[in-house]
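Worksheet for the structure shown next.
One-based numbering, in listed order, for ligands and for the atoms of each. Computation of the quantities below employed the complete heavy-atom set of this structure, encompassing side-chain atoms and omitting hydrogens, waters and symmetry-equivalent molecules.
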Amino acid sequence: MTNRRFLFLLGSSRHGGNTELLARRAAEQLPADVEQEWISLVDHPLPDFPDLRHDGGYSAPDDPHARRLLDATLAATDLVIASPLYWYSVSGLTKRYLDHWSGWLRLPEADFRGTMAGRTLWGVAAYASHASLAEPLAGTLHHTAAFMKMRFGGVLLGNGTDRGDVLKDGEALTRAKTFFAEEAPPAVFPHQAG
Ligand SMILES: Cc1cc2nc3c(=O)[nH]c(=O)nc-3n(C[C@H](O)[C@H](O)[C@H](O)COP(=O)(O)O)c2cc1C
């Protein structure tokens, strides 16, 4: 795993939540030579994303949080979206970050698409009710990876809602031990397969 750099983007609106706890358990298994960067999106509030695609386009972000997140994203070989399940999908903070990709994709100086292609997108999510209800979240991340020609490592799910609950989900903790060791296949839309 040499020369890999994992960026953990924490999408919960609270610090130290179940999603973060589970992501940290999985990250503990990464070899020491793998760099890790942890960023909580709640500490880097992004502005509303303006759709300027057909109205003049985008210039390099002058918002410091957007700049920081863009630079960290471009530097990551492995991007871990650690978002709790909010209304069956990613949290609002996470969704807003992904919306900004639409602008970053159009910055000629960033080559965002070319840089991200071939890198790996992973998901970690805590949920309160049933794992099957996290399908829209997993679909969002899978399709995002496919659109970007990234690899998709899948989603590590953990059950819990009160603080620390996820540490009682033995199945999730077991899966966390090997989650990042699993090979991530290229993400492809079903209709593109074969
Ligand atoms: C705004 C909001 C929406 C939520 N929506 C869902 C949901 O659709 N399905 C579910 O199982 N849990 C839902 N939950 C529960 C959270 O997924 C759960 O509390 C989780 O532990 C929160 O993640 P965190 O501990 O990392 O902050 C929701 C919680 C909040 C605050």
Open item on the list: Under 4.0 Å from a heavy atom of Tyr127: which atoms of ligand 1 are those, numbered in the order shown and with their elements?
Closed with: 11 (O), 17 (O)
TODO: Say whether Leu133 and ligand 1 are in contact under the criterion: heavy-atom distance to a ligand atom below 4.0 Å.
DONE: no
Open item on the list: Using a strict threshold of under 4.0 Å (side-chain N to carboxylate O), is an ion pair present between Glu28 and Arg24?
Closed with: no
Open item on the list: I need the atoms of ligand 1 closer than 4.0 Å to a non-hydrogen atom of Gly17, numbered in the order shown.
Closed with: 24 (P), 25 (O), 26 (O)
TODO: For atom 8 (O) of ligand 1, find the nearest protein heavy atom and state the residue, atom name and distance (0.1 Å precision).
DONE: Tyr88 N, 2.9 Å
Task: Euclidean distance, Leu46 CG relative to His65 NE2, rounded to 0.5 Å - done: 8.0 Å
Open item on the list: Looking at every non-hydrogen atom in both residues, tell me the closest pair between Arg4 and Trp122 and how far apart they are.
Closed with: NH2-CZ2, 4.0 Å
TODO: State the CG-CZ distance between Leu79 and Arg151, to the nearest 0.5 angstrom.
DONE: 15.0 Å
Task: Protein heavy atom at shortest distance from atom 31 (C) of ligand 1 - done: Tyr86 CE1, 3.6 Å
- [ ] Could you find the nearest protein heavy atom to atom 17 (O) of ligand 1 and give me its residue, atom name and distance?
- [x] Leu85 O, 2.8 Å
- [ ] Would you mind checking which non-hydrogen protein atom is closest to atom 23 (O) of ligand 1, with the distance to 0.1 Å?
- [x] Pro84 CB, 3.1 Å
Task: Of Tyr58, Phe49, Phe112, the residue whose pairing with Trp104 passes ring pair (Phe, Tyr, Trp, His ring centres under 6.0 Å) - done: Phe112
- [ ] Return the option from Ser129, Gly158, Ser12, Gly11 holding the heavy atom at the smallest distance from atom 27 (O) of ligand 1.
- [x] Ser12
- [ ] Specify the protein heavy atom at minimum distance from atom 15 (C) of ligand 1: its residue, its atom name, and the distance to 0.1 Å.
- [x] Ala128 CB, 3.7 Å
Task: Ligand-residue contact atoms, ligand 1 with Arg14, heavy atoms, under 4.0 Å - done: 21 (O), 22 (C), 24 (P), 25 (O), 27 (O)
Task: Salt-bridge present (Asp165, Lys168; N to O < 4.0 Å) - done: yes
Task: Heavy-atom check, side chain of Tyr97 versus side chain of Thr73, under 4.5 Å - done: yes
TODO: Tell me which protein heavy atom sits closest to atom 24 (P) of ligand 1, plus the residue, atom name and distance to 0.1 Å.
DONE: Asn18 N, 3.5 Å
TODO: State, without any angle test, whether Thr94 and Tyr86 hold a side-chain donor-acceptor pair at a distance under 3.5 Å.
DONE: no
Task: Distance from atom 5 (N) of ligand 1 to nearest protein heavy atom, with residue and atom - done: Trp87 N, 2.8 Å
Task: Residue and atom name of the nearest protein heavy atom (relative to atom 21 (O) of ligand 1), distance in Å to one decimal - done: Gly160 O, 2.9 Å
Task: Arg68 versus Ile39, closest heavy-atom pair with distance - done: NH1-CD1, 3.6 Å
Open item on the list: Just to be sure I'm reading this right: ignoring hydrogens, which of Val42, Thr19, Thr161 gets closest to atom 26 (O) of ligand 1? Compare them by their nearest heavy atoms.
Closed with: Thr19
Task: More than 12 heavy atoms from other groups under 6.0 Å of CD on Glu182 - done: yes
TODO: Return a yes/no value for His130: is any of its N or O atoms, backbone included, closer than 3.5 angstrom to an N or O of ligand 1?
DONE: no
